Structure formats: structure tokens, C-alpha cells
Participant: 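Encoded as C-alpha cells, here's the structure I'll be asking about.
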Amino acid sequence: MLTINLPDQLFSDSYINLSYKRYLAFKVTNELYQESYKEEILSKLNAFIQNQEINEFTVLDIVQKLKDENPTSGSFVHWSNTDDLVRYTTERPAEVAALLNEFYHSTTSLEERIEGLRNSGKAFDPGISLGAPLFGYLLAAYDFKAYPLYKQEVYVALKKSFGIEHKLAGVGANYQAYFELCQGTLNHLEQNGSAVTMLDIQDFFYCSTQYDPIKVEAAVDYLYEVGRELHSYKENPQLLLDSLAQLEEEQLHSLKKQYENKEKVNLIKFKIIEQILRNGRSTIEELEGIKEQVKVKYETNILNSWNNFTILFQLYYFHKKGKVQEEQRKIHEAICNLPEYADLHLVEGKVLNGFNWNQNFGGSRCWLAVYEEGHLSHKTAPQLFVGVDETGVEYGLHFGSEHSKGGQRDYELQSDVTLFSYEDFRRKLASVADKFKHPELQDDHADALEVSEDQLSRDQWEELLQNDAVFTDKDLVYIYKMYDLGGEATATQLASVSDAHPSSFNAPVANLARRVLEKTGMEPPKREDGTGCYWCVLFDGEYEANDHFRWKLKGNLKEAISLVYESQTCELESYSKEDFLREVFLNENQYETMANLLSYKKNIILQGPPGVGKTYVSKRLANSLMGVKDPARVELVQFHQNYSYEDFVMGFRPDKQGFSLQFGIFYDFCQRAIEDPGQDYYFIIDEINRGNLSKIFGELFMLIEKDKRDEFVTMGYSKKKFTVPANVHLIGTMNTADRSLAQLEVALRRRFAFMTLEPEFNDKWTATVMREGVSSTMVERIVQTVTSINEAIKGDFQLGKDYAIGHSFFTGKPEALDEEIWYQNIIRFEIRPLLEEYFFDRPEMVESLMEGSFNGI
């Protein structure tokens, strides 16, 4: 019985065959290949072990032989494992002999046999080292044609390469899963006429995951095959329909589920899959009928930018996307490994544009770019690029479209991909290194530098990052933004991706540094004049030629962030409707109303007086509808009078090259959503009525309407087509006590559904504040006071219920603060100033409302 589910496409597409062919050529021609010693050693061991009985008198000689034959260079297993096995055998030879006989000859599963031997060893000595590589070595030493050697880094790389979802488990389970992957590949290659043994498979897997030449060549071969296939589909979409009909039923059902309850073009996709599931196939004529059937439901021409290929593309690409990106990542990583660029800080993992890069319409070309850190994007930078389509592969140097040399290139094109070689590829990229590093593109005019020793280790930083009393949520936002920028940025660059003013980071950084110092008991680094440098705790820095100061994350801190950040993005915390109702002072009917409005209308505004938790509710509503807390799919901005189209959508902004077209936060957010059509995305706009929506959204203002989603307009700045996809939902918050509301009412009403939140001093609120340590007496006092104030506000001829006092003023009592002081501070310093603003022309009204709220006011 298989313990892992091998992906259907593992053997159904061309990758395994292409990669194996490149591996065979590598073995013969490349001097890097150093693995031939394996068969020689294992052949001797096979003959030695199989030709003698394993008993208490021979077993020590056998395990000693295994230890001695384990090569010092390119070892099969770490020396500690064989040392411990010899020690175990020396002290208990009869026991080990019996275990080895069971291990080699039992008919139970590999996992059970491995765990039986391992558990006995652990009973002998809990500190004994018996890992999966040891058991792979023991098995291959007995029969290398049946059992593969095991390296955990190889198994991890294979899972990533093939999209195998199998978490690392126990030693026996890991080897069992790895064995099944090897056995499946062995069977596949034998069926295709290859004469292979299990050692060949192990060697193939080892080389294809550890040597860049094979990784790059196989990746190019695979991408070329996909490009050719897509080109044929563009020429004849019926072939694409036929391809969809060949998908496994489980894959078709997953596609159907993805496009359920969708509209417009996505509804067409749903009906196509439904038809294939029902009839086993579909034709272009039937597709045309479905298009007409769906099109008539809408006033506008929903197919204006679509053809049959682009409609069907995502259905084909859904199960290819991950593999394509993984192969691009291997090429990208290999470029970053080139010694000619070892002195540079290259942006890792960006830019990988699969075959869906053109607005997700799809095409037969994919490409990737490697550029140096410090640029706002690849568009302003010189790039090492690789492009693959049906005409072949091109690679070399390309200057981004917004660089001063934009469009200039130095590249090679190999139209016969069978002749593509890593050596030619490496030689070309090495030849353009000087142009890539041209002095005019370098930042070598720095006139000041501040660098101090990182006093904390990576582990200490990792612990601090997970301490929310040191690194608050707000700190993590800009720290992670800087990490995403490659670990360094000017305040202006950081501000541009954080929707903040460049000067807004100074105080938070200094305060964070003080908390780090307080927690660790350290002193701040000293400047030459003896003063403390607080930001130096977290960063190094230097002045650029334009006098902008560039912050650089401390090395150990950057490593710690990579561990914490990646784990947080990989393991998302679940968040359900029940979690929402537990944390928010609303009932289930109110929740369902909000969820239904957002699903139907796409855009809602939560309006209400100050302090009713509009932003708090918005974030949790988004999380509950996603089912997880996924910050990659939720974005929050706050509008203000100076917020502009350039901030939100796109515009020309200064950079090191002068001015370049830079994309705004909403444009980038929509791009992420377009590339992830199976997931819903939520964009929260706090204080939405404070901005001029028509100016901020520009031509996208039309596209946010629910019946205009997935339609395309040409952007004014870029002249490219763009859309707001149907999986983007807008949640706005509006303070009804804000007098800027009236002028925007008409513009808002057409595009948004409105839901009013009111003060909720209910049982849920009472239970929450009492859990925070507020007494029942104080709770009653708060309710009486605020109810009295709100009744006066609601009954006032100039105000009304839109100006009421919300419950959030009285949540979140600090644990160490006396409740009387807490209450009085809120009344004196939060409620009273608000009332003074409401009744600016009637101060006596304020005094009347405050009278009796507490003694001494």
C-alpha cells in the first residue's frame, strides 16, 4: 500500500523523461560527475553480505565492514551512525544479528522493518544515531538493484520539484515514501524501454537535484515542451479541449469547484468542465454555444478581450502552474550561484513569470529575470534573463523598460533546444558580467557608512521576533516589507511599499531598538562622539550618492526573519465564522448579512459612529471568509485628502535613474489576485470617505462595480490593459460623524452596499471586558454612563445616532492599570474631547453630559 500520493502529472508529462535524458548525458560528458564509486562499493558489499549467514558470530564483522566501506568523501551515511551501530553490535551481537535477519528477510513493510531495528537501538541507548540514510545504506549494501540510498536533502528537493504533499515524518515513513517514489520512477522508465536499476534511479535523483547543469537543462527542456504545447493550443483550441478531457476525474472536479458560483468568463469555464464531466469531451461548437448562453446575461460585451484559447487557458494551466514556477526557480537559483556574480546581492525568487504572465490570459512564452537588490523593481534594473517559447530559448543581459538603457540587450537564442547546454548558458552569462556591473549602474559614491557588530545571534533574534511585547504587529509590517525588498531600503523606498511617509519610521525603529535592548540587557552601539545609536541595533546603513540613507538589516536578524517569515507564510492560522462571532460583538444574522452582501455586491462599506470597531470587524470578516489569517490576501490602506491615483494605481516617481513608472498598492494587489484566481482577496480601505474616490481609482472606478469585473480597460500611464478581477472584494470603513461624508454619498452608493454598525454594549461585550479584569460594578457604570451620553447625542437636533459613542473605547484594559484610573482616563482624555468637538458651540452641554460620570470631572 502506498504511503504517498504521487501527483498524476509526475509520469503523465514529459519532465521525468527529459530530466533522465539530460542526466545520462551528464554522466558521460561532464567532469563534475563523481558518483561512479557507488556501484563499485555496493557491488562488493552485496556479494559480501548475501554470501554469508548473519549470526551472533559474524554480525560484528558485517557491520564493521559496512563502517569501513562507507567512503570518507561522498559518504553514504554520517560516520556517527555506523559508529553507533558497531557499538550496539559489539555489546549485543545476538540481538543485532536477529534484528538484521528480520530487517533483510521479513515480508512486512519497509517502514515497520526500519522502525523495528531503530526502536531496538533506541532501547539500547536513547542517544544512538540511526537515521534514514543508515537504513538506506544497509538495504543498498544488501541489494543495490532493489533499494536506493537515501539523502534527506534529495528527498526534500524531489518533493518540491514534483509537488508531492508529504510532510517529513518518522525515519521509517520517510524512507518508505522515498522508496515508493523511486520504485514508481523505475517502473515508468522501464516501461519506456530504459534498462535501469534502483541505484540508477537513486543516482539520477541525486544528480538531478544537486547539480545545476542537469537542473537548468531539464528545466529548459520542460518549459520548451509546455511552450510548444501551448502554441499548438493557440493555433487550434480544439486540441486544448481534448487535453482537458484527458484530465483525471479528480482534477476536473477540483476545477469545477474552483469556478462554482462565478460569473462572466469564469462561468463559461465552469460550464465547460461540467460538460466534460457529463459527456467525456467538448467541442469548439459547444464552447461557442456556452459563450452565447452566458454572454446574453450581461449588458456589456464580456468577451471583448477574450478568445477561445484565453478562456480555456487557466483550465489547462491550473495543474501546470506550480511545476512551471518550480522549474523557473531552479534556473533562477542556478544564475544566482554563478561565481561571476558572487560579490553581488541578487534578489532571490523574483521575477518568475510563467506562461500566465500576460494578464493571466496565457500564452506560449514564459520568462524570468535576475536583478540586483536596491532597485525598486526589475523594470529599473539590468537583468540576467531567460525566455522560453515554441521558438526556443534565449538568455543573456536585458535592461529593464524603465532603465536609462531600457530595451538594450545582449543575448543568445538557441532555436534547437536539444542543443542547449548549461556550459553555453553559463559562458554567456559570465560574458555579460561587466556590463551588468557597469560603474554607472553601481552605487559607489557613498560618502558615509555606519556599521556595527550584530550583538545578537540568529536564534536570539528569532526568539525576539516571536515576542509580541518586543516586535509588535506594526513593527513586523515594515520589517517584513524591508525583508521583501531584499533586506535593505531607503526610507523613501520603504514608504512607497508601506503607504507611509518616509519620516514615519524613525520613531518606531528607535522604540523597537529600545525594547530589544531592554529585553536583552544590552547597551546601544556607540557613535564616534559617544552617543548611542539605537537604529544600529537592527540595521547597518550608508548614504547614497543622492544623500538618501539606506538601511540594511543586520545579517543575523535577516536570517532569523527568513525563518520566522517563511514559517508564518507557510503555516497559516485558521480563522472561522465561529472565531469571528467569538471576537466581535455582532450576532450571527449580522455576520451573514455582511458575508452575503460582500459575495453579491463585491464591495461593502461598514459605516458607523466612532468606536464601533469598523476596522476591527473588517479584518476579521476577511479572515473568516478566507478561513485563514493570510496577510498575502488582505491589504489595508487609509485614505486621506492627499491620497492620490499615483499612490493607489500607478504614476511616475523619482528613483536613481530619474523618474520611472511605479505601480501603486491596489494595482499590485489586483495583479496578485489575477495570478491566483482560485482564492478570494480582500482590500480594506479605512476612512474611505476621506479620499476623492474618482481621482484615486481613476479608470478603475468603473471596474470595481460587480458587473464590470474581469472586463479590461487601457491604463492611462502604461497604455496596457488591466482589470479588477472578480476575486477581489473591497471593504470600506466610514465614520458617520465625519462631515466629509455628504459630498461623496452619491458616488459611493452605486458601487457599494452599506451596512451600519452601532455601539454594542451587549452580553458579549460584557463578557469580554470582564475577562480583561474589569469588575461587574465598573461594567454597569460604563453602560449607564455611555447610554446616558448616547441618548443625549441621538436626541440632539444637530447630531443624531451617527455621532454615538462606540463600545471599543472601553475594550482592551491594560492588565496592570487600575480600573478606576482606566475609566477616568477614557472619559477625560477620549470621550470629553470628542464631545467638545460635537458641541463646539455649546460648552455647557459638554459639562452637563460629563456631570456625574465620575467624581472630580
Side-chain angles (χ1 to χ4, degrees), residues 325 328-329 331-333 335-336 338 340-341 344-359 363 365-389 393-413 425 428-444 484-490 492-494 496-497 544-546 548 550 646 649-665 667-668 671-672 675 715-722:
Q325 188 164 56
Q328 288 186 299
R329 184 198 64 78
I331 299 172
H332 198 287
E333 185 178 68
I335 294 174
C336 293
L338 292 174
E340 290 80 9
Y341 299 92
L344 302 181
H345 295 288
L346 301 174
V347 176
E348 297 180 5
K350 298 179 182 178
V351 177
L352 306 175
N353 285 299
F355 293 97
N356 59 335
W357 66 275
N358 185 18
Q359 297 293 346
R365 177 177 174 79
C366 69
W367 59 277
L368 63 92
V370 179
Y371 65 101
E372 195 176 3
E373 291 178 2
H375 292 273
L376 291 176
S377 78
H378 68 285
K379 294 182 179 181
T380 65
Q383 310 162 20
L384 301 171
F385 84 99
V386 180
V388 182
D389 62 16
V393 55
E394 57 181 16
Y395 50 89
L397 176 67
H398 173 82
F399 289 93
S401 59
E402 295 166 24
H403 189 274
S404 58
K405 294 185 176 181
Q408 295 185 30
R409 311 175 78 192
D410 183 349
Y411 72 101
E412 288 185 8
L413 170 66
F425 172 78
K428 179 60 183 178
L429 295 189
S431 73
V432 299
D434 287 341
K435 293 181 181 179
F436 187 85
K437 303 176 185 180
H438 194 277
E440 73 180 29
L441 305 178
Q442 300 307 297
D443 195 16
D444 58 0
D484 284 337
L485 289 170
E488 61 182 81
T490 65
T492 300
Q493 290 171 336
L494 194 54
S496 70
V497 297
E544 299 183 330
N546 55 11
H548 288 172
R550 177 174 294 277
E646 287 74 17
V649 183
M650 66 176 66
F652 285 95
R653 291 189 174 278
D655 63 10
K656 290 190 293 186
Q657 308 300 328
F659 284 85
S660 64
L661 181 62
Q662 296 172 32
F663 296 115
I665 191 169
Y667 185 96
D668 286 340
Q671 285 283 26
R672 295 208 303 271
E675 294 172 2
M715 305 300 288
Y717 279 110
S718 68
K719 308 305 179 187
K720 294 180 180 179
K721 289 188 177 295
F722 187 73

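Everything quoted here is computed from the prediction, not taken from an experiment. The basis for the numbers below is simple: all heavy atoms, side chains too, and nothing from hydrogens, waters or symmetry mates.
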Participant: Quick check: closest heavy atoms across Gly354 and Cys366, and the distance to 0.1 Å?
Facilitator: C-CB, 3.7 Å
Participant: Can you see which heavy atom on Tyr371 is nearest to which on Pro382, and at what distance?
Facilitator: CB-O, 3.7 Å
Participant: Would you mind reporting whether Val386 and Phe425 have side-chain heavy atoms less than 4.5 Å apart?
Facilitator: yes
Participant: Partners of His378 by ring pair (Phe, Tyr, Trp, His ring centres under 6.0 Å), sequence neighbours excluded?
Facilitator: Trp367
Participant: Apply side-chain contact (heavy atoms from CB on, under 4.5 Å) to the pair Leu344 and Phe436, showing each step before the final yes or no.
Facilitator: CA-CA 10 Å; Leu344 302 181; Phe436 187 85; 3.6 Å; yes
Participant: Rounded to the nearest 0.5 Å, what's the gap from CG on Leu397 to OH on Tyr411? Could you check?
Facilitator: 12.5 Å
Participant: Of all the heavy-atom pairs spanning Gln383 and Ala369, show the shortest one and how long it is.
Facilitator: OE1-CB, 3.4 Å
Participant: Specify the closest pair of heavy atoms between Gly349 and His332, including all atoms of both residues, with the distance to one decimal.
Facilitator: N-CE1, 3.6 Å
Participant: Is it the case that Glu646 and Tyr717 place a side-chain donor and acceptor less than 3.5 Å from each other?
Facilitator: yes
Participant: Taking all heavy atoms of Gln328 and all of Asn353, pick out the closest pair and write down the distance.
Facilitator: NE2-O, 3.0 Å
Participant: Could you go through Leu429 and Glu340, starting from their C-alpha distance and side-chain angles, then the distance that decides it, and tell me whether this counts as side-chain contact (heavy atoms from CB on, under 4.5 Å)?
Facilitator: CA-CA 9 Å; Leu429 295 189; Glu340 290 80 9; over 6 Å; no
Participant: Quick one: does Trp357's side chain have a donor or acceptor within less than 3.5 Å of a partner on Arg365's backbone?
Facilitator: yes
Participant: Please report the interatomic distance CD(Glu394) to CZ(Arg409), rounded to the nearest 0.5 Å.
Facilitator: 4.5 Å
Participant: Identify the heavy atoms of Cys336 and Leu346 that sit nearest to each other, and give their distance.
Facilitator: CA-CD1, 4.0 Å
Participant: Nearest 0.5 Å please: distance from the CG atom of Leu384 over to the CG atom of Leu338.
Facilitator: 8.0 Å
Participant: Check whether any side-chain heavy atom of Tyr341 sits under 4.5 Å from a side-chain heavy atom of Glu372, and report yes or no.
Facilitator: no
